[in-house]
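For the single chain, residues carry numbers from 1 onward in sequence order.
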Amino acid sequence: MTTVYLNGDYMPMEEAKISPMDRGFLFGDGIYEVIPSYSGKMVGFGPHIDRMIDGLAAIGINCNLSHADYQQICDQLIAGNEGDNLGIYLHVSRGTDTKRHHAYPDNVAPTVYGFAFAIPDANVPDKGAIKPYECSLTQDMRWKRCGIKSTALLGNVMHFQKGHSEGNGETILFNEENKITEGSAVNAYIVKNGKIITAPLTEQILPGITRLILLDVLAKYSDIEVEERAPTVEELLDADEVWITSSSKEIAPVTKVDGKLIGDGTVGDVWLAAQTLYTKHKYEY
């Protein structure tokens with residue numbers, strides 16, 4: 001049985017109900033987070049909740065839950081569900097109105113929902129053990145506020161579906177300037193001559209928590225050079241290594257994009273160094 005959280009109560013998932021007039025259902029009017037946990041230990045809890053609070057403020061949802069409140073919810077969901085490796089999904093919508101109207105309603109209590117789900121084991125820093133990704137490539141057609149982790153994910157879903165329908169695990173996106181932004185549900189990186197290149201934090205990409213942790217770990221504990229700029233599509237296809245990151249994927253190597261081998265088609269040494277450091281230090285965040 002899966003135990004979920006809904007507006008202050010814990011219950012079996014099949015008993016959880018929201019109104020069809022909830023604005024999260026009608027408009028995708030809400031913010032969400034996914035926090036990974038391994039053997040009960042969460043990765044990046046503080047940054048994840050900071051990002052959720054920032055997202056709620058950006059769209060004007062007043063939710064009075066504190067870091068301690070979210071911590072209690074996450075701990076209860078981890079304790080109340082089976083599995084050593086769990087993702088904790090947290091979702092706050094604007095709440096239920098009496099009518100369908102585009103303008104933000106006044107005096108509506110937000111809907112707060114959370115559940116746990118199984119995620120893969122953490123990536124092992126072993127070139128022979130990691131399963132690399134193959135990705136599709138397409139122009140980014142989403143809205144221009146990607147820094148807000150909105151529950152309105154149709155654009156991301158359609159991009160992900162393109163990769164899925166082509167037999168790939170992700171889709172990497174490029175903008176109107178032919179520069180790589182991110183993926184449908186990941187941040188993206190290239191490695192060239194030992195240097196990591198990834199797009200800077202703009203409204204064209206989500207400020208990923210794995211990205212934040214990775215770049216901080218590399219800055220503190222390695223001499224690997226990192227350049228924050230958006231690489232071109234040509235640079236991506238000519239890279240020595242390509243990676244994608246997310247909370248459930250950690251740092252995942254990509255060996256083929258749009259049918260083209262990346263480098264020699266094998267997992268690279270810079271990925272190994274980065275994943276080794278990330279594995280060692282991720283619980284510090």
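Residues I251 and V242 do not share a hydrophobic cluster, clusters being chains of Ile/Leu/Val/Met/Phe/Trp/Tyr side chains in contact below 4.5 Å. Both I130 and Y189 are part of a single hydrophobic cluster, where members link through side-chain heavy atoms under 4.5 Å apart. Clustering ILVMFWY residues whenever any of their side-chain heavy atoms sit less than 4.5 angstrom apart, transitively, puts I205 in a cluster other than the one holding I172. Linking ILVMFWY residues whenever their side-chain heavy atoms come closer than 4.5 Å, directly or via other members, places I18 and M21 in the same cluster. Both L56 and F45 belong to a common hydrophobic cluster when Ile, Leu, Val, Met, Phe, Trp and Tyr are linked at side-chain heavy-atom distances under 4.5 angstrom.
Although no hydrogens or angles enter the test, the distance criterion places a donor-acceptor pair under 3.5 Å between the side chain of E241 and the main chain of W271. D238 places no side-chain N or O within 3.5 Å of a backbone atom of E234 that could act as its donor or acceptor partner. A donor-acceptor pair under 3.5 Å links the side-chain atoms of E170 to the main chain of A185, judged by distance alone. Side chain of T198 to main chain of A188: a donor-acceptor pair is present (N/O by atom type, distance under 3.5 Å, no hydrogens or angles). Under a 3.5 Å cut-off, the side chain of K179 and the backbone N or O of E176 do not form any donor-acceptor pair. Without hydrogens or angle criteria, S66 side chain to D69 main chain gives a donor-acceptor distance under 3.5 Å. Using a distance-only test at 3.5 Å, with no hydrogens or angles considered, no donor-acceptor pair links the side chain of N85 to the main chain of A118. Judged by distance alone, the side chain of D240 and the main-chain N or O of N193 form a donor-acceptor pair under 3.5 Å. Between the R211 side chain and the L206 main chain, no donor and acceptor come within less than 3.5 Å of each other.
In the displayed structure, M158 atom CE is contacted under 6.0 Å by at most 12 heavy atoms of other residues, nucleotides or ligands. Within a 6.0 Å radius of CD in Q72, no more than 12 heavy atoms belonging to other residues, nucleotides or ligands are found. Around atom NZ of K131, no more than 12 heavy atoms belonging to other residues, nucleotides or ligands sit under 6.0 Å away. For CZ of F25, the number of neighbouring non-hydrogen atoms (other residues, nucleotides, ligands) closer than 6.0 Å is 12 at most.
Residues R23 and P105 have side chains in contact (heavy-atom distance under 4.5 Å, counting atoms from C-beta outward). Inter-residue side-chain proximity for D216 and E284 is flagged as unmet; no heavy-atom pair is nearer than 4.5 Å. Considering only heavy atoms from C-beta on, Y278 comes within 4.5 Å of T210 through its side chain. For the pair D126/Q275, no side-chain contact is recorded, criterion being any heavy-atom separation below 4.5 Å from C-beta on. Two residues are said to be in side-chain contact when any heavy atoms from C-beta on lie closer than 4.5 Å; M42 and S37 meet this criterion. Contact check for I119 versus Y38: side-chain heavy atoms found under the 4.5 Å cut-off. For the pair L236/L137, a side-chain contact is recorded, criterion being any heavy-atom separation below 4.5 Å from C-beta on. A heavy-atom distance below 4.5 Å is not found between the side chains of I180 and I197.
The two atoms that bring K249 and N123 nearest to each other are O-ND2, 2.6 Å, heavy atoms only. Taking all atoms of both residues into account, the shortest heavy-atom contact from I148 to A58 is CD1-CB, 4.0 Å. Taking all atoms of both residues into account, the shortest heavy-atom contact from S150 to G28 is OG-O, 3.7 Å. In plain terms, the two heavy atoms of V186 and S246 that are nearest each other are CG1-CB, 3.9 Å. Contact record, I78 with G40: CG2-CA, 4.0 Å, taken as the closest heavy-atom pair. Residues N81 and A116 share a closest heavy-atom pair of ND2-CB, 3.9 Å.
With rounding to the nearest 0.5 angstrom, the OH atom of Y70 is 4.5 Å from the CG atom of L65. Atom NZ of residue K282 and atom CD of residue E250 lie 3.5 Å apart, to the nearest 0.5 angstrom. Once rounded to the nearest 0.5 Å, the distance linking OG1 of T3 with CG of D9 reads 12.5 Å. Atom CG of residue L173 and atom OG1 of residue T171 lie 7.0 Å apart, to the nearest 0.5 angstrom. In this structure, the separation between CG on N107 and CG on D97 is 10.5 Å, given to the nearest 0.5 Å. If you take CG on L237 and NZ on K256, they are separated by 13.0 Å, rounding to the nearest 0.5 Å.
Under 4.0 Å is where a charged nitrogen must lie from a carboxylate oxygen, and between E227 and K195 at least one such pair does. Under 4.0 Å is where a charged nitrogen must lie from a carboxylate oxygen, and between R229 and E235 at least one such pair does. Salt-bridge check for E182 with R142: passed, with a basic side-chain N closer than 4.0 Å to an acidic carboxylate O.
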Problem set entry | Residue pair T276, K280: steps toward the side-chain contact (heavy atoms from CB on, under 4.5 Å) verdict | CA-CA 6 Å; T276 300; K280 183 177 180 180; 5.8 Å; no
For this session: Go through the steps for R51 and H48 under the test side-chain contact (heavy atoms from CB on, under 4.5 Å), then give the verdict.
Result: CA-CA 5 Å; R51 185 173 65 180; H48 275 286; 3.7 Å; yes
For this session: Take V34 and S248 through the side-chain contact (heavy atoms from CB on, under 4.5 Å) test and state the conclusion after the steps.
Result: CA-CA 8 Å; V34 177; S248 59; 5.8 Å; no
For this session: For side-chain contact (heavy atoms from CB on, under 4.5 Å), just list the numbers for R94 and I59, CA-CA rounded to whole Å, side-chain angles, deciding distance to a tenth of an Å, and then say yes or no.
Result: CA-CA 9 Å; R94 196 174 303 276; I59 65 173; 4.0 Å; yes
Problem set entry | From CA spacing to verdict: side chain to side chain donor-acceptor pair (under 3.5 Å), S19, D22 | CA-CA 5 Å; S19 167; D22 190 287; over 6 Å; no
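By the 30° and 60° cut-offs, the orientation of the rings of Y89 relative to Y32 is parallel. The aromatic rings of Y113 and F115 sit tilted, their planes meeting at an angle between 30° and 60°. Ring geometry, H281 versus Y221: the interplanar angle falls under 30°, so the pair is classed parallel (tilted spans 30 to 60°).
In summary, the side chains of E134 and T255 do not present any donor paired with an acceptor at a separation below 3.5 Å, with no hydrogens or angles considered. For the 3.5 Å distance criterion, the side chains of D140 and N175 fail to qualify, holding no donor opposite an acceptor.
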